[in-house]
Amino acid sequence: MKVLTLREPWASLVGERIKTIETRSWPTNYRGELYIHAGTYKIPQKDVRANELASWLSGALNYGYIFAKCNLVDCIRIDKDFAEQIKKSDMRNFLCGDYATGRYAWILADIEYISVIPAKGHLGIWNFEY
């Protein structure tokens, strides 16, 4: 299975469908089922933004687990118009990402929780086998 590791609280924001766009500095040609893994890096108390985003969550953080799956349906190069569109239509999603011109928006759909699987994270999209 293809997996993407995200730091918390961003991983759990995907799980709760608050964050349906993952912004990255690099594009991907991959489309299809993608599992979400929460990295083990703890949110520093001094990180005001991350702690504010974590306060939006209704559940616990998922450090060190693959806990959700979704479909990666598109990858769009961010321009000023795209960023403004997201800002106007979904401010919480906008606040969860970095919509600087030239970055990429990975569009996630059909997000759902799964039974948790402990795993070590990796950079990029990586393969996990039971």
Side-chain angles (χ1 to χ4, degrees):
M1 59 197 220
K2 300 286 188 189
V3 183
L4 181 65
T5 297
L6 302 174
R7 283 188 174 178
E8 288 289 27
W10 292 273
S12 291
L13 289 162
V14 169
E16 291 195 15
R17 293 184 217 102
I18 295 168
K19 177 179 173 61
T20 58
I21 300 172
E22 170 60 13
T23 57
R24 294 272 158 156
S25 62
W26 50 279
T28 182
N29 291 323
Y30 178 75
R31 302 292 182 274
E33 191 171 73
L34 183 66
Y35 287 77
I36 302 300
H37 173 263
T40 57
Y41 180 80
K42 303 293 187 213
I43 302 171
Q45 286 185 327
K46 294 180 181 179
D47 188 334
V48 175
R49 179 175 182 231
N51 282 291
E52 172 67 24
L53 294 174
S55 75
W56 297 354
L57 297 168
S58 62
L61 298 172
N62 294 284
Y63 293 114
Y65 291 102
I66 298 169
F67 68 96
K69 73 175 180 176
C70 61
N71 283 304
L72 175 53
V73 296
D74 205 354
C75 179
I76 300 167
R77 189 166 194 276
I78 298 169
D79 61 19
K80 184 179 176 183
D81 291 338
F82 181 84
E84 283 299 316
Q85 175 190 345
I86 300 303
K87 188 175 182 179
K88 287 180 183 175
S89 67
D90 191 350
M91 180 55 85
R92 289 200 330 165
N93 212 343
F94 181 80
L95 293 172
C96 290
D98 178 352
Y99 288 85
T101 298
R103 290 179 58 84
Y104 294 87
W106 295 18
I107 310 302
L108 309 176
D110 308 317
I111 300 165
E112 62 183 73
Y113 281 109
I114 61 166
S115 297
V116 297
I117 304 166
K120 269 183 99 171
H122 299 278
L123 295 175
I125 295 176
W126 51 278
N127 292 311
F128 179 84
E129 297 188 25
Y130 291 98

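FYI, side chains are in, hydrogens and waters are out, and symmetry mates aren't considered; it's all heavy atoms of this structure.
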Give the minimum heavy-atom separation between [X] and [Y], together with the two atoms involved.
X	Y	answer
Ile43	Tyr63	N-OH, 3.3 Å
Ile78	Ala83	CG2-CB, 4.2 Å
Phe82	Ala105	CE2-CB, 3.6 Å
His37	Thr5	ND1-OG1, 3.0 Å
Leu6	Val14	CD1-CG2, 3.8 Å
Thr23	Arg103	O-NH2, 3.3 Å

All pairs passing side chain to side chain donor-acceptor pair (under 3.5 Å) where residues 109-124 contributes a residue, at least two apart: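 Checked against side chain to side chain donor-acceptor pair (under 3.5 Å) - neighbours excluded - the pairs reaching residues 109-124 are Asn71-Asp110.
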Any link between [X] and [Y] through a network of hydrophobic side chains (Ile, Leu, Val, Met, Phe, Trp, Tyr) touching at under 4.5 Å?
X	Y	result
Leu34	Val116	yes
Ile111	Phe67	yes
Tyr99	Ile107	yes
Leu72	Ile18	no
Phe94	Ile21	yes

Side chains of [X] and [Y] in contact at under 4.5 Å (non-hydrogen atoms):
X	Y	value
Leu4	Arg24	yes
Asn127	Lys2	yes
Ile117	Met1	yes

Would you find a donor on one side and an acceptor on the other, under 3.5 Å apart, between the side chain of [X] and the backbone of [Y]?
X	Y	result
Trp10	Cys96	yes
Glu16	Gly59	yes
Thr20	Arg17	no
Asn51	Pro44	yes

Measure the [atom1]-[atom2] distance between [X] and [Y] for me, rounded to the nearest 0.5 Å.
X	Y	atom1	atom2	result
Arg7	Asp47	CZ	CG	9.0 Å
Trp26	Leu123	CH2	CG	9.0 Å
Thr40	Leu61	OG1	CG	12.5 Å
Asp81	Thr101	CG	OG1	9.0 Å
Leu13	Leu53	CG	CG	5.5 Å
Leu108	Lys69	CG	NZ	14.0 Å

Neighbour count >12 (heavy atoms, 6.0 Å) for atom OH, Tyr35: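 Count over threshold, so yes.
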Pair Asn62-Ser12, side-chain donor/acceptor within less than 3.5 Å: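 Judged by distance alone, the side chains do pair up.
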Members besides Val48 in its Ile/Leu/Val/Met/Phe/Trp/Tyr cluster (side-chain heavy atoms under 4.5 Å):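 Answer for Val48: none, a lone residue.
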